[in-house]
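For ligands, and for the atoms within them, numbers begin at 1 and follow the listed sequence.
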Amino acid sequence: MRVKKRKGAAELIASRPDIVATERTGWARYFGNENPVHIEVGCGKGDFVVGMAAKHPEINYIGIDLQETVISFALDKVIESGLTNVKLIYGNGRDLNEYFDEHEIALIYLNFSDPWPKTRHEKRRLTYKDFLKSYEKTLVPNGEIHFKTDNRGLFEYSLASMSHYGMVFKQVWLDLHKDEEFAQQNVLTEYERKWSEKGYPIYRMEAQFDAQQ
Ligand code: SAH
């Protein structure tokens, strides 16, 4: 979803190269430690990655988004949090293999990805097979994708696409917020807050690449 352009977003991003990367870098050096790195492709305004980083100081998080305005808002949140284990990439999730070495990433999150409902836009969906291929290359062997959405069509498509690809599902939720146990660990995204407040069920899955294949 497009957001209204923010004045000064480009300058803000350019002023914090220590938090927003626009190209490949040595990530362990960037974070100042060798902790596992988890990424969110399409991080939006950053609630999820910042919330996760606060909860899991032993993990490094990177939020990636292709909208300048959105990344600039995420940057505000990272700065405000004072956390050093969360960074951003202003760039396209299509280019993961340019940003990361093979098997460099421990876990990929996709949250409320754009649904692209028209069949002719299938290739833009973040769970289209070409994306899965680059995720597989970027992730550690048997790496996982954790995906949340309110969009049933995209969820069904993603189950089919991942299944065709040979991924296995560790767990699937058809109404995440009814799971009280999960709720205790769940970090809400901006979209998740918005849609669940309106009463929409949230779908979630944990899917894993099968290294035997
Ligand atoms: N994850 C957030 C935002 C969801 S909206 C939340 O749950 O609230 C989807 C976001 O994905 C938008 O900000 C959009 O700019 C971003 N996006 C879409 N395609 C992308 C791509 N190929 N690479 C990086 N970001 C992408």
Side-chain angles (χ1 to χ4, degrees), residues 1-6 9-10 12-13 20-24 37-55 61-78 81 86-100 105 107-118 120-139 145-155 157-158 161 173 176-177 182 185-198 200-206:
M1 202 169 283
R2 292 272 132 193
V3 298
K4 206 171 134 238
K5 233 175 151 35
R6 177 187 189 188
L12 187 63
I13 290 170
V20 188
T22 50
E23 57 191 27
R24 187 192 201 94
V37 180
H38 295 186
I39 65 174
E40 182 186 6
V41 181
C43 66
K45 295 179 186 168
D47 280 9
F48 181 77
V49 276
V50 173
M52 290 296 279
K55 257 185 133 151
Y61 291 89
I62 302 177
I64 305 171
D65 209 288
L66 45 70
Q67 291 190 68
E68 189 172 64
T69 294
V70 157
I71 280 290
S72 78
F73 284 123
L75 173 58
D76 287 344
K77 272 182 207 144
V78 173
S81 75
V86 52
K87 308 283 186 194
L88 302 165
I89 294 177
Y90 171 35
N92 197 322
R94 217 177 276 285
D95 304 327
L96 284 191
N97 302 131
E98 287 175 25
Y99 300 126
F100 303 107
I105 299 302
L107 183 57
I108 294 179
Y109 290 99
L110 300 175
N111 293 317
F112 298 80
S113 309
D114 296 332
W116 296 110
K118 293 195 176 109
R120 69 186 156 90
H121 289 146
E122 182 191 357
K123 291 184 179 170
R124 297 183 189 180
R125 299 177 195 153
L126 292 186
T127 48
Y128 179 65
K129 62 175 169 19
D130 290 2
F131 279 101
L132 298 181
K133 200 168 175 185
S134 78
Y135 301 154
E136 183 178 29
K137 210 167 155 188
T138 308
L139 280 170
I145 298 176
H146 294 187
F147 177 49
K148 289 196 274 197
T149 182
D150 64 300
N151 190 292
R152 190 179 171 109
L154 181 67
F155 194 69
Y157 169 82
S158 303
S161 178
W173 291 257
L176 183 66
H177 292 193
F182 191 84
Q185 66 171 85
N186 193 25
V187 172
L188 296 184
T189 79
E190 297 96 70
Y191 276 57
E192 183 172 9
R193 185 165 291 120
K194 191 167 128 187
W195 294 117
S196 61
E197 273 172 8
K198 291 188 177 166
Y200 291 94
I202 304 300
Y203 303 92
R204 184 174 191 273
M205 64 160 93
E206 294 182 358

Legend entry - Under 3.5 Å donor-acceptor, R6 side chain and T69 backbone: no

Legend entry - N or O pair under 3.5 Å between E40 and ligand 1: yes

Legend entry - Backbone of F48 reached by a side-chain donor or acceptor of E40 within 3.5 Å: no

Inset, instruction - Report yes if some N/O of V70 lies less than 3.5 Å from some N/O of ligand 1; otherwise report no. - result: no

Inset, instruction - Using a 4.0 Å heavy-atom threshold (strictly under), name the region of E192 that reaches ligand 1: side chain, backbone, both or neither. - result: neither

Legend entry - ligand 1 atoms in contact with N92 (distance to a heavy atom under 4.0 Å): 21 (C), 22 (N), 23 (N)

Legend entry - Donor + acceptor pair across side chains of E192, N111 (<3.5 Å): no

Inset, instruction - Could you tell me if any non-hydrogen atom of Q67 lies under 4.0 Å from any atom of ligand 1? - result: yes

Legend entry - Atoms of ligand 1 close to G91 [distance to a heavy atom under 4.0 angstrom, numbered from 1]: 24 (C)

Inset, instruction - Measure up the H146 and Y109 rings against each other and bin them: parallel (under 30°), tilted (30 to 60°), perpendicular (over 60°). - result: perpendicular

Inset, instruction - From atom 14 (C) of ligand 1, work out which of L96, V49, D65 has a heavy atom at the shortest distance. - result: D65

Inset, instruction - Evaluate side chain to side chain contact (heavy atoms under 4.5 Å, CB included) for W116 paired with E122, printing each intermediate quantity in order. - result: CA-CA 7 Å; W116 296 110; E122 182 191 357; over 6 Å; no

Legend entry - Ligand-residue contact atoms, ligand 1 with C43, heavy atoms, under 4.0 Å: 1 (N), 2 (C)

Inset, instruction - Output yes when D150 and K198 qualify as a salt bridge under the 4.0 Å nitrogen-oxygen rule, no when they do not. - result: no

Legend entry - Matching residue for I89 among I62, T22, D95 - test: side chain to side chain contact (heavy atoms under 4.5 Å, CB included): I62

Inset, instruction - Run the salt-bridge test on K5 and E68 with the 4.0 Å N-O cut-off and return the result as yes or no. - result: yes

Inset, instruction - List every atom of ligand 1 that sits less than 4.0 Å from any heavy atom of F112, numbering the atoms from 1 in the order shown and giving each element. - result: 4 (C), 5 (S), 7 (O), 9 (C)

Legend entry - Ligand-side contact atoms (ligand 1) for residue partner G93, heavy atom cut-off under 4.0 Å: 21 (C), 22 (N), 23 (N), 24 (C)

Inset, instruction - Indicate yes or no: does an N/O atom of F131 lie under 3.5 Å from an N/O atom of ligand 1? - result: no

Legend entry - Within 6.0 Å of NZ in K87, more than 12 heavy atoms from elsewhere: yes

Inset, instruction - Report yes if some N/O of E190 lies less than 3.5 Å from some N/O of ligand 1; otherwise report no. - result: yes

Inset, instruction - Quick one: sort the W173 and F182 rings into parallel, tilted or perpendicular, breaks at 30° and 60°. - result: tilted

Inset, instruction - Indicate, as side chain, backbone, both or neither, the part of L126 found under 4.0 angstrom from ligand 1 when only non-hydrogen atoms are considered. - result: side chain

Legend entry - S72 versus L12, closest heavy-atom pair with distance: O-CD2, 3.8 Å

Inset, instruction - Check each atom of ligand 1 against the heavy atoms of T189 and keep those under 4.0 Å away; list them by number with element. - result: 6 (C), 7 (O), 8 (O)

Inset, instruction - Enumerate the atoms of ligand 1 whose separation from the nearest heavy atom of N111 is less than 4.0 angstrom. - result: 1 (N), 2 (C), 4 (C), 7 (O)

Inset, instruction - Could you check which of L66, I71, T69 puts a non-hydrogen atom nearest to atom 20 (C) of ligand 1? - result: L66

Inset, instruction - For D114, counting its heavy atoms only, list the atoms of ligand 1 lying under 4.0 Å from any of them. - result: 9 (C), 14 (C), 18 (C)

Inset, instruction - May I ask whether R124 places a heavy atom under 4.0 Å from ligand 1? - result: no

